[in-house]
Amino acid sequence: MQKLKVLQFLMCAGGIYTCYLVWGIVQEKLTSTQYVFEDGKRKFNFFVFLNLLQAATAAVLGLVLAFFSGQCRFPRDLLVYTQVGITMSVGPMFGYWALRYIDYPLLLLSKSSKLIPVMLMKVVLYRVKFGIHQYISVLLITVGLVGFSYKPRDEGGQGATYLGIFLVFVNLVFDGFTNSTQDDVVKKHKPTSLELMGWNNAFSAASMVLYLLASQFGGWSAELSEGIAFLQHNEEARRDVITFCVCGAVGMLVIFYTIRTFGTLTLVKITLTRKMMNIILSVIWYNHQISTTQWTFAGFVFIGIAVETLYRPPAPKAKKP
């Protein structure tokens, strides 16, 4: 039994590492590489279209597996699923826009700092009180992000860098809304993991289809037709998009299986190390110039995340009668 658990853990960790390390490398390529065409080089700039393909792949995989496992029920609360679909569609766009101002390692590091906007919203809007270890965690993350992103005056561009980080935080706020709404759906309707994955992505894909069609026929954007044409005429881009979508969808499945088998704490530990590996792999693969000082500040961020996710304050002792 113990050997089976070890094997399951290795499969879960290996699946998450493989899917999301490949997903990260391909995502950076799609957002930064110029693809070769007969008439020259062009960048892939169709990120709503890309997000649509990602969501559609995950929706099909989730719902097909749910159907064959006898777990596929039509969602009851259509309004809530519509809200989730919209926030799942809008949030990632801010992450893609951020890449206009910051590089990919800083994007990954900023997205690892989800605790900051979540705590800020809860303190300002709901007057929620947090433990001292959470404030220490936010301090470490903030110092780490500022130090990692700092540029000497002679390099310039500091304002643009902070704008990029702000856009990432907007992305994280949308993610936080999506996650809290999903939690509410789970409590009320108790969908299975496959149903949640399938229907969330289906509603997200539907909202993006409506947007792309409206923008296409409204005349303010031709992203849908241009994105299709780009992939039709470039095999390398087509291969990258397929890899991106499949890795993202399979990665979601592995995450749900990990939570069901080992719980959220195990997933957090795997995800924490995976994010560090993503940054290291990005630096090596694309030859980003990261100084020793920046690596030190990146360490501050991950120490802060570890303090928040892994530390459990001792339970108060029961009073003796």
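Because only heavy atoms are used, hydrogens play no part in the values below, and waters and symmetry mates are left out as well, while side chains stay in. Numbering starts at 1 and runs along the sequence shown.
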Would you say [X]'s side chain and [Y]'s backbone share a donor-acceptor pair under 3.5 angstrom?
X: T18; Y: G15; answer: no
X: T87; Y: F174; answer: no
X: Q8; Y: T261; answer: no
X: S137; Y: H133; answer: no

I need the minimum non-hydrogen distance between [X] and [Y], along with the two atoms involved.
X: S89; Y: N51; value: O-ND2, 3.5 Å
X: I270; Y: Y17; value: O-CE2, 3.6 Å
X: N201; Y: M252; value: ND2-SD, 3.7 Å
X: S110; Y: L172; value: O-CD1, 3.6 Å
X: R73; Y: T192; value: NH2-N, 4.0 Å
X: G24; Y: N278; value: CA-ND2, 4.1 Å

Quick check: [Y] with [X] (ring centres under 6.0 Å apart)?
X: F44; Y: F46; value: yes
X: F37; Y: F230; value: yes
X: F47; Y: Y96; value: yes

Using only heavy-atom distances, determine whether the side chains of [X] and [Y] contain a donor-acceptor pair under 3.5 Å.
X: Q216; Y: S221; value: no
X: R238; Y: N234; value: no
X: S149; Y: T161; value: no

Sub-4.5 Å side-chain heavy-atom contact between [X] and [Y]:
X: T33; Y: E28; value: no
X: Y35; Y: L30; value: yes
X: V246; Y: V250; value: yes
X: T31; Y: K43; value: no
X: F169; Y: K111; value: no
X: V64; Y: F68; value: yes
X: C72; Y: L63; value: yes
X: V307; Y: F302; value: no

Under the criterion side-chain contact (heavy atoms from CB on, under 4.5 Å), I'd like the reasoning laid out for V301 against F148: C-alpha separation, chi angles, the key distance, then a yes or no. CA-CA 9 Å; V301 173; F148 186 91; 6.0 Å; no
The test is salt bridge (charged side-chain N to carboxylate O under 4.0 Å, His left out); show your working for R42 and E226 and say whether it passes. CA-CA 12 Å; R42 296 202 298 272; E226 290 178 2; over 6 Å; no
If hydrophobic clusters are built by linking Ile, Leu, Val, Met, Phe, Trp and Tyr wherever their side-chain heavy atoms come under 4.5 Å apart, do [X] and [Y] end up in the same one?
X: L99; Y: Y162; answer: yes
X: L210; Y: V84; answer: no
X: Y257; Y: L253; answer: no
X: F256; Y: M11; answer: no
X: M93; Y: F166; answer: yes

Separation between [atom1] of [X] and [atom2] of [Y], rounded to the nearest 0.5 Å:
X: I165; Y: I102; atom1: CD1; atom2: CD1; result: 6.0 Å
X: L231; Y: L50; atom1: CG; atom2: CG; result: 8.5 Å
X: M208; Y: I86; atom1: CE; atom2: CD1; result: 11.0 Å
X: I141; Y: I305; atom1: CD1; atom2: CD1; result: 5.0 Å
X: S282; Y: L106; atom1: OG; atom2: CG; result: 11.0 Å
X: M277; Y: I284; atom1: CE; atom2: CD1; result: 10.0 Å

Can you establish whether the number of heavy atoms outside E235 located under 6.0 Å from its atom CD is more than 12? no
Take a 6.0 Å sphere around CH2 of W285 and say whether it holds more than 12 heavy atoms from other residues, nucleotides or ligands. no
How would you list all residue pairs meeting ring-ring contact (aromatic ring centres under 6.0 Å, His included) that involve residues 197-227, not counting sequence neighbours? F74-W199, Y81-F203
Would you call the rings of F300 and F297 parallel, tilted or perpendicular if under 30° counts as parallel and over 60° as perpendicular? tilted
Is the ring pair F244/W23 parallel, tilted or perpendicular, if the boundaries are 30 and 60 degrees? parallel
Using the rule given for ring pair (Phe, Tyr, Trp, His ring centres under 6.0 Å), can you reason through Y104 versus Y286, listing the C-alpha separation, both sets of side-chain angles and the distance that settles it, and then say yes or no? CA-CA 10 Å; Y104 198 75; Y286 292 102; 7.8 Å; no
Begin from the C-alpha positions of V209 and L224 and carry the test side-chain contact (heavy atoms from CB on, under 4.5 Å) through to its verdict. CA-CA 9 Å; V209 167; L224 182 60; over 6 Å; no
Before you tell me yes or no, could you show the steps for L21 and I25 under side-chain contact (heavy atoms from CB on, under 4.5 Å), namely the whole-Å CA-CA distance, both residues' side-chain angles and the distance that decides it to 0.1 Å? CA-CA 6 Å; L21 290 177; I25 289 295; 5.8 Å; no
Inspect the contact between K190 and E195 and indicate whether a charged nitrogen and a carboxylate oxygen are less than 4.0 angstrom apart. no
Residues I228, F49; criterion side-chain contact (heavy atoms from CB on, under 4.5 Å); working and verdict: CA-CA 9 Å; I228 293 171; F49 178 58; 3.8 Å; yes
